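Each remark here refers to the structure printed beneath this line.
The sequence lines fix the lettering, A, B, ..., with proteins before strands; numbering per chain opens at 1. Note: hydrogens, waters and symmetry copies are ignored here, and every other heavy atom, side chains too, is used. Keep in mind the model is a prediction, meaning the values are calculated, not measured.
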There are 2 protein chains.
Amino acid sequence: MILTVTLNTALDITYRVPALRPHTSHRVTEVTERPGGKGLNVARVLAALGHEVTVTGFTGGATGLVVQEQLTGTRGVVDALVPVTGPTRRTIAVVDAHTGDTTQLNEPGPTITPAEWSAFQEAYEDLLTSASAVALCGSLPPGVPVGAYAGLVRAAKAAEVPVLLDTAGEALRRGVAARPDIIKPNADELAELTGSHEPLRATQDARRRGARAVVASLGRSGLLALAPEGRWRAVPPASLHGNPTGAGDAAVAGLLSGLVEKLPWPDRLARAAALSAASVLAPVAGEFDRGTYEELLGRVAVSGEVSAA
Amino acid sequence: MILTVTLNTALDITYRVPALRPHTSHRVTEVTERPGGKGLNVARVLAALGHEVTVTGFTGGATGLVVQEQLTGTRGVVDALVPVTGPTRRTIAVVDAHTGDTTQLNEPGPTITPAEWSAFQEAYEDLLTSASAVALCGSLPPGVPVGAYAGLVRAAKAAEVPVLLDTAGEALRRGVAARPDIIKPNADELAELTGSHEPLRATQDARRRGARAVVASLGRSGLLALAPEGRWRAVPPASLHGNPTGAGDAAVAGLLSGLVEKLPWPDRLARAAALSAASVLAPVAGEFDRGTYEELLGRVAVSGEVSAA
């Protein structure tokens, strides 16, 4: 199975309101709830592709129960979340039906105790023994040490499980130094990590910092990949309008899926770019439009060069 | 015991954000959760005054469980909520820490099925047999007939239990026609009911529509009461700055408390006005500052006249 780790799981709530006007009262016309947090989105895309996926991270409180109930209803996803005392956070996306704009409110997440963090690390090492790949995704909840991902990367490497890291800021900086197999920063995360706004230079720098391969997701410019095997760019044929939330998570799912199927890099990148583009047409993160995905897959332009052996 | 009915119970969530900017992403710095809905607020104030209170209405889903857990921890309040399939709604108050302004997002509430509505009516009639007074509070969730309060008022009168109605719009218009003992509209609700923005005239009109007594809550102008026994105004000595949410619910609790203790109208009104003013100093609805309440109680100016027998 493929393992995804979401330390800061969430219940993603979307509210539709006729028009958002600060400092007034609004009747919400439509409420939707989905399991959230990057690793859970990645898992749902992987499951839809036919992979067996196990999700871990933390779950707590009434919101955690709702997340777990919905995961139980997702074919192909096994719930191995570790219970904690604090409640799983909510994120609220308020969609203004008039303009289509979204206002986001993100709770900080429960404070994880040292005992809970230890329990997670033990569960994670057990899960690694049956994993073909692992993705470490998203932000850290309060209480988890900022060097957490570095430790989790090292444990995966010790277990000889390929590890992909998708996070930001200091957690990414520390995690990269532990030498993950792949990191998938977006343009902002890459610039914050390296200090450079020039994608190629920044991607090279990120590899020097420890990542074996770097796949930068550059929005409409597609994916830029630098790996020991070569460098490539994968660009979807058209930029699609829709909901960009979760496009990066769909790309991560594509990369992992291609990795465990031992596809060559150009095919992995085509899959990741097509999934990412197709996810933009889905109303919520963690889903994608299958027709669009299949149609785009053959039309992603992958260019690049293989490294001299 | 005093019975309070909240057909559209809620989990009231308050988010503190540094500054609310539409169409951007916000990190919530503080999250608080409280049982909500007018009748639950009334119950918490009554319990704090030393009364035994039973709350009924509907509860469902994970949010309903959180509401019930918090009620169980409230001394003096007995939970007689009726379970339903749909989840109890959330209300979200986003407090801008910079300006202090609040932006409110209210979910519509679960759709109540005809069978659930029948089950509630049965439970309500059972509870009336041991009630000394009943308050019917707040909006109706989807699925409950708009004439619901009229039926509940008639059932209370048939059981010879004094009944106070605190709602708005069409639910109030229909409920008043069933001749409740007291209604407690605010200025807007009273104007909507009667078409008049002149409080005395509107209060007289509301009595003609069926209410035995009308206590209008007029914000800083205090309370205006018209009853068969006479007419009074109760004005607190100073207008307090703070959170006005729940001030009306505190007034309802004061009126019911005075009713079951058989206090004369001027004493009931002094209690209601003092509680209402003191609740403004509490950070959340359903609570009040006891020191302020006790201090204000003797300083509320009640003026009026008793009707000729």
Option in [options] with maximal non-hydrogen atom pairs under 4.5 Å from chain B:
options                            : answer
A:Thr91, A:Thr29, A:Leu20, A:Ile13 : A:Ile13
A:Val31, A:Val28, A:Thr63          : A:Val28
A:Val66, A:Asp96, A:Thr24          : A:Thr24

| field | Set of residues satisfying side chain to side chain contact (heavy atoms under 4.5 Å, CB included) with respect to B:Thr59, sequence neighbours excluded | value |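 If we apply the side chain to side chain contact (heavy atoms under 4.5 Å, CB included) test to B:Thr59, skipping adjacent residues, the hits are B:Gln68, B:Leu81, B:Thr88.
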| said: Would B:Val84 and B:Phe120 count as a side chain to side chain contact (heavy atoms under 4.5 Å, CB included) here? Give the steps. | reply: CA-CA 10 Å; B:Val84 290; B:Phe120 169 78; over 6 Å; no
| A:Leu65, part contacting chain B, at a heavy-atom distance under 4.5 Å |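 No part of it gets close to chain B.
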| task | Examine whether an atom of B:Arg89 lies under 4.5 Å from a heavy atom of chain A, and if so say whether it belongs to the side chain, the backbone or both; otherwise answer neither. | result |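 Nothing of B:Arg89, per the 4.5 Å heavy-atom cut-off to chain A.
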| said: Given heavy-atom pairs under 4.5 angstrom as the criterion, report whether the side chain, backbone, both or neither of B:Thr99 touches chain A. | reply: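 Looking at B:Thr99, just its side chain touches chain A.
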| field | 4.5 Å side-chain heavy-atom contact, B:Thr167 and B:Leu136 | value |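 No. Closest side-chain heavy atoms not under 4.5 Å.
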| query | Got A:Lys38 and A:Asp166 here, is their nearest side-chain heavy-atom distance under 4.5 Å? | reply |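 In short, these two side chains touch, coming nearer than 4.5 Å.
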| task | Just give me the residue among B:Ile92, B:Val17, B:Val94 that pairs up with chain A most often, heavy atom to heavy atom, under 4.5 Å. | result |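 That would be B:Ile92.
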| Testing B:Asp12, B:Thr4, B:Asp249 for side chain to side chain donor-acceptor pair (under 3.5 Å) with B:Asn41, which one passes? |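 Result: among B:Asp12, B:Thr4, B:Asp249, B:Asp249 is the only option passing the side chain to side chain donor-acceptor pair (under 3.5 Å) with B:Asn41.
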| Strictly by modelled atom types, are A:Ser217 and A:Asn186 linked by a side-chain donor-acceptor pair under 3.5 Å? |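 On atom types as modelled, these side chains do not qualify, holding no pair under 3.5 Å.
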